[in-house]
Amino acid sequence: MNIASLLERAAKLYPERPALLHGARVRHTYGELGARVAALAAHLRDACAVAPGERVAIYSANAPAYLEAQQAIHWCGAVTVPVNYKLHAKELAYVLQDSGARVVLASPELREAALEAGTAPDCLRVLASPEWERAASGAAMALHDSAPEDVAWLFYTSGTTGRPKGVMLTQRNLLAMTMAYFTDVDDVAANDAMVYAAPMSHGAGLYNYAHILRGARHVVPESGGFDPAELASLAKEVGHLSMFAAPTMVHRLVAHLKQTGQGGEGFKTIVYGGGPMYVEDLRQALAVMGQKFVQIYGQGESPMTITALSREHLAATNHPRWAERIASVGVAHACVQVRVANSEDRDLPTGELGEVLVRGETVMAGYWNNPGATKQTLRGGWLHTGDIGSLDAQGFLTLRDRSKDMIISGGSNIYPREVEEILLLHPRVSEVAVVGERDADWGEIVVAFLVADGEPVPDAELDALCLAHIARFKRPKHYRWLPALPKNAYGKVLKTELRARIG
Ligand code: AMP
């Protein structure tokens, strides 16, 4: 089955419904979107000679044509290679060479970078250009009939360790992930609107399928990204907004709404994930916006789908384990199994920390052209996530950190997250990231990078806060204040960059 059959179906069932909006303005109905995508797919096949199974890159910030490009690649049976638009031309060149993508669909401002990366001019198509528009109104092709195991999406990992690897997601993976949205995240109604404030080249872009399936609206903000004031006004104008947001985005959105005396009106669901959500931030978010939140934990290798913490669990404030639960990432999605294992892949007892392993319908087929890494990561038939966590008796998974972020000081393991949670309790600490610094005596010492809300807090006050909550050896040895934490395009804090500053 081809995942674009969801669009074909929606175009037939709901041709008049608004499908694609730019800001609050409707660009295309489902009928129009279906016809444009089928015509763009024909253009890829006929004018660019794209064959089924061939990789086609999209190199663009969020834009309405992004959704068209993604669907058109699916429609003709090719493989979507979404490239982070913030990548340098050299990094793009690596992705193109590794994936073998010959054809690049780029936004106008990235045209030159795509050429610099080695794209042949006749293999470059510029999104929303006059040529694109002509192609979109051309003759349609019939939907390519894909097999469930055909690769549909080749997602390059951010490459914080070594070269980025291409995660092969099959048609079956994408369909299972879409169904998992309905079983464990949220239902979607026809008048809902998925707003793409986080990059469509990443997880946010994968939430299009569930919304196409229901014939709901897709909203691309005019800014092309995340702007809290713009989102607040879209919530008023468009209404029923759902979005995927990194925890750092939730933090900024909530701060804006609070500052401007607004609440959660106009928002339906905010799915957060992709990095740790601190309990203090979550409490604020629930207080300001209400029960609008669902958490997911996933990774490129099992996209958006490992565990979920439901709206119901977040709302059950009277539950005796509520405080622990909201600090967890929830329970396994219905379509996957989750275990916590030791270094020999043996199950660990409840409560013990180990590596999180996953098996199920959403787990990738492997890494593109990289049998060694595939074998290592999928050994024994289980995805080895590299994340450290523990399960409780009801199956709630609490993540600590990625194994590489763990600090070992004087022989003791320190999980940065635990220290970060405490520092955030201070009302003048707005953001924090804790990393290890090499030290001759201790192996590593704990260093906290902080962003102040107002005046920075004296070290002694932060020391006292830590000593009141956590063991003495976990207390940071140095506090460093920054105007902002370095983050990647997906809003994740770049701990590697922080480590480099002190290294
Ligand atoms: P990526 O493959 O770039 O999406 O990154 C996936 C990684 O982000 C995971 O392996 C986790 O380390 C982290 N992550 C994803 N979701 C969560 C979450 N809800 N809480 C904490 N960390 C998360």
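Note that this is a predicted model, so its numbers are computed, not measured. Remember, it's 1-based here, ligands and their atoms both numbered in the order they're listed. Any value given below was found using the heavy atoms of this structure, including those in side chains, with hydrogens, waters and symmetry copies removed. Numbers here simply count residues along the sequence, with the first being 1.
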Inset, instruction - Give yes or no for whether the N/O distance cutoff of 3.5 Å, strictly under, is met between Phe155 and ligand 1. - result: no
Inset, instruction - Would you mind running through ligand 1 and noting each atom that sits below 4.0 Å from a heavy atom of Ile296? - result: 16 (N), 18 (C), 19 (N)
Legend entry - Side chain to side chain, Trp153 and Gln171, heavy atoms closer than 4.5 Å: no
Inset, instruction - Check if Thr157 has a non-hydrogen atom at a distance under 4.0 Å from any atom of ligand 1. - result: no
Legend entry - Presence of salt bridge, Arg400 and Glu420, under 4.0 angstrom: no
Inset, instruction - Return a yes/no value for Tyr272: is any of its N or O atoms, backbone included, closer than 3.5 angstrom to an N or O of ligand 1? - result: no
Legend entry - Under 4.0 Å to a heavy atom of Gly300 - the qualifying atoms of ligand 1, by number: 1 (P), 2 (O), 4 (O)
Legend entry - Element-labelled atoms of ligand 1 that are located less than 4.0 Å from some non-hydrogen atom of Gly273: 19 (N)
Inset, instruction - Report, in ascending order of atom number, the atoms of ligand 1 lying under 4.0 Å from any heavy atom of Pro276. - result: 20 (N), 21 (C), 22 (N)
Legend entry - Ion pair check, Arg214 and Asp187, cut-off under 4.0 Å: yes
Legend entry - ligand 1 contact on Lys492 by region, counting heavy-atom pairs under 4.0 Å: side chain
Inset, instruction - Under 4.0 Å from a heavy atom of Gln295: give me the atoms of ligand 1 that qualify, with their elements. - result: 18 (C), 19 (N), 20 (N)
Legend entry - Which of the ligand 1 atoms, numbered from 1, are nearer than 4.0 Å to a heavy atom of Gly298: 6 (C), 9 (C), 15 (C), 16 (N)
Legend entry - Identity of the nearest option to atom 22 (N) of ligand 1, non-hydrogen atoms only, from Gly386, Ser328, Gly275: Gly275
Legend entry - Arg359-Gln337 side chain donor-acceptor pair, cut-off 3.5 Å: yes
Inset, instruction - Give, for atom OH of Tyr59 and atom CG of Leu96, the distance between the pair rounded to the nearest 0.5 Å. - result: 9.0 Å
Legend entry - Crowding at CZ, Arg252 (>12 non-hydrogen neighbours, <6.0 Å): no
Inset, instruction - Taking only Lys NZ, Arg NE, NH1 and NH2, and the carboxylate oxygens of Asp or Glu, determine whether Asp392 and Arg321 approach each other closer than 4.0 Å. - result: yes
Inset, instruction - Please say whether Asp387 places an N or O atom under 3.5 Å from an N or O atom belonging to ligand 1. - result: yes
Legend entry - No-hydrogen, no-angle side-chain donor-acceptor test under 3.5 Å, Asn342 and Glu355: no
